[in-house]
Structure formats: C-alpha cells, structure tokens
K.L.:
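Before I ask anything, let me first share the structure, which is written out below as structure tokens.
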Amino acid sequence: MDKLRRVLSGDEPTPEEESSIITQINDMSTLSWSTRIKAFCICFVLGILLSLLGSIALFLHRGIVVFAVFYTIGNLVSMASTCFLMGPFKQIKKMFAETRLIATSIVIVAIVMTFVSAIVLKKAGLTLIFIIIQSLAMTWYSLSYIPYARDAVKKTVSACFEV
C-alpha cells in the first residue's frame, strides 16, 4: 500500500523497489512452456488452415483476391506463432538479424505487394507472382533457422544446374 501511495503522490521508487516491480511484471507476463507450445500449435495450425481455405476458395472460383488475402493472412499468422516460443521482441530481433535481413525484407515487401496487387490493382497475374515470391521468401526465411539448411539448398540447386 505504501508503494501505491508513493506512486500516486509522485515520489520516485527506490532502485530495489523498481527492480522488484519489473521482476513482478515479468513474472506475471510470462507463459509456461506448455502454454507457449499450445499457443504456438494453435496459431500455426490456424495459419495453415487459413492458407488452405484460400487455396480452396481459388479452386471454387471465388477469385484471386480471396485467395491472396486468406493465403497471406495465413502466412502472417503462421509466422506470428513463433512469437509464442521465443517472445515477440526476441523474434523481431532474430527476424532482422544480419543473416535473415534480406529474407525478412523480401517477405514483408511480398506480403504488402500481394495485398496491393490483389485488393487495389486487382491484377490476378501480378498477385500470383507476388504469392510465389512470398512463398519462396518464406521458405528461405524458415530455412535460416535450421543450421546449414541454406547451404544444403544452395549446393543442391547448383548441382541440379551444372552441366
């Protein structure tokens, strides 16, 4: 109660009180590991279902706009699911690390351009191109989390094109 009174009256907390408040906030905001895994699984599966729903809508002749929106939102939800595993700030730091900066930038640009080409420009061909770029960039981004996966893909692709 004294802490509350001091805060309301404008008195500054002592450094030990401040660190204990920060510790309390961190303790209250952290999720248990099992809760994180469950939330990750739910969010990831929801993202996949949204992407599949977009694909089904395309085959049911609902149009490229519906497909692009559902597919892209599905990718965003799937990508956001990893925030439950490592936390949002750590995830953003890892996304913009030097090894992932180009892949992350291409994913973000492709997502924005997918929405622009589908909703604003209403160009089916351009939307499809951006969806392909988005998928390739998401794959390359995802491979960056697996040690030596990018190198293996580079070697495999270069071996396929050697004459």
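Sequential numbering from 1 along the given sequence is applied to the chain's residues. Given the structure is predicted, the values throughout are model-derived calculations rather than measurements. Worth knowing before you read on, the calculation uses all heavy atoms, side chains too, and leaves out hydrogens, waters and symmetry mates.
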K.L.:
Can you measure from OG (Ser158) to CD (Glu162) and round to the nearest 0.5 angstrom?
P.N.:
5.5 Å
K.L.:
Please answer whether the main-chain N or O of Leu143 pairs with a side-chain N or O of Arg150 as donor and acceptor at a distance below 3.5 Å.
P.N.:
no
K.L.:
Going hydrophobic residue to hydrophobic residue with side-chain gaps under 4.5 angstrom, can you get from Phe130 over to Leu121?
P.N.:
yes
K.L.:
Under the 3.5 angstrom rule, does the side chain of Thr72 hit a backbone N or O of Val69 as a donor-acceptor pair?
P.N.:
no
K.L.:
What I'd like to find out is whether the side chain of Val66 reaches to under 4.5 Å of the side chain of Leu58, using heavy atoms alone.
P.N.:
no
K.L.:
Is it true that Met86 and Phe84 fall in one hydrophobic cluster, defined by side-chain heavy atoms closer than 4.5 Å?
P.N.:
no
K.L.:
Measuring from atom CH2 of Trp140 to atom CZ of Arg100, what distance do you get when rounded to the nearest 0.5 angstrom?
P.N.:
12.5 Å
K.L.:
Kindly indicate, with the supporting measurements, whether the criterion side chain to side chain contact (heavy atoms under 4.5 Å, CB included) is fulfilled by Arg62 and Phe67.
P.N.:
CA-CA 8 Å; Arg62 298 289 179 223; Phe67 167 67; over 6 Å; no
K.L.:
What is the minimum heavy-atom distance between Ala118 and Val65, and which atoms define it?
P.N.:
O-CG2, 3.1 Å
K.L.:
Taking the inter-plane angle between the rings of Phe40 and Phe44 on a 0 to 90° scale, is it parallel (under 30°), tilted (30 to 60°) or perpendicular (over 60°)?
P.N.:
parallel
K.L.:
Mind checking whether Val107 and Ile133 have side chains closer than 4.5 Å, heavy atoms only?
P.N.:
no
K.L.:
I'd like to know if Met138 and Leu49 are part of one continuous hydrophobic network [Ile/Leu/Val/Met/Phe/Trp/Tyr, side-chain heavy atoms within less than 4.5 Å].
P.N.:
no
K.L.:
Determine the minimum heavy-atom distance between Ala110 and Thr114, stating which atoms define it.
P.N.:
O-OG1, 2.6 Å
K.L.:
At what distance, to the nearest 0.5 angstrom, does OG of Ser81 lie from CD1 of Ile48?
P.N.:
8.5 Å
K.L.:
Tell me whether the count of non-hydrogen atoms from other residues, nucleotides or ligands lying under 6.0 Å of CD1 in Ile102 goes above 12.
P.N.:
no
K.L.:
Can you tell me how far apart OG (Ser117) and CD1 (Ile131) are? Round to the nearest 0.5 Å.
P.N.:
7.5 Å
K.L.:
Roughly how far apart are Ile111 CD1 and Leu76 CG, rounded to 0.5 Å?
P.N.:
4.0 Å
K.L.:
Check for me, please, whether Ile73 and Leu60 land in the same ILVMFWY cluster - side-chain distances under 4.5 Å, paths through other members count.
P.N.:
no
K.L.:
If you round to the nearest 0.5 Å, how far is CG of Leu31 from CD1 of Ile37?
P.N.:
11.5 Å
K.L.:
Would a single hydrophobic cluster contain both Ile119 and Tyr71, if residues Ile, Leu, Val, Met, Phe, Trp and Tyr are joined by side-chain heavy-atom contacts under 4.5 Å?
P.N.:
yes
K.L.:
Does Thr104 reach the main-chain N or O of Leu101 with its side chain, forming a donor-acceptor pair under 3.5 Å?
P.N.:
no
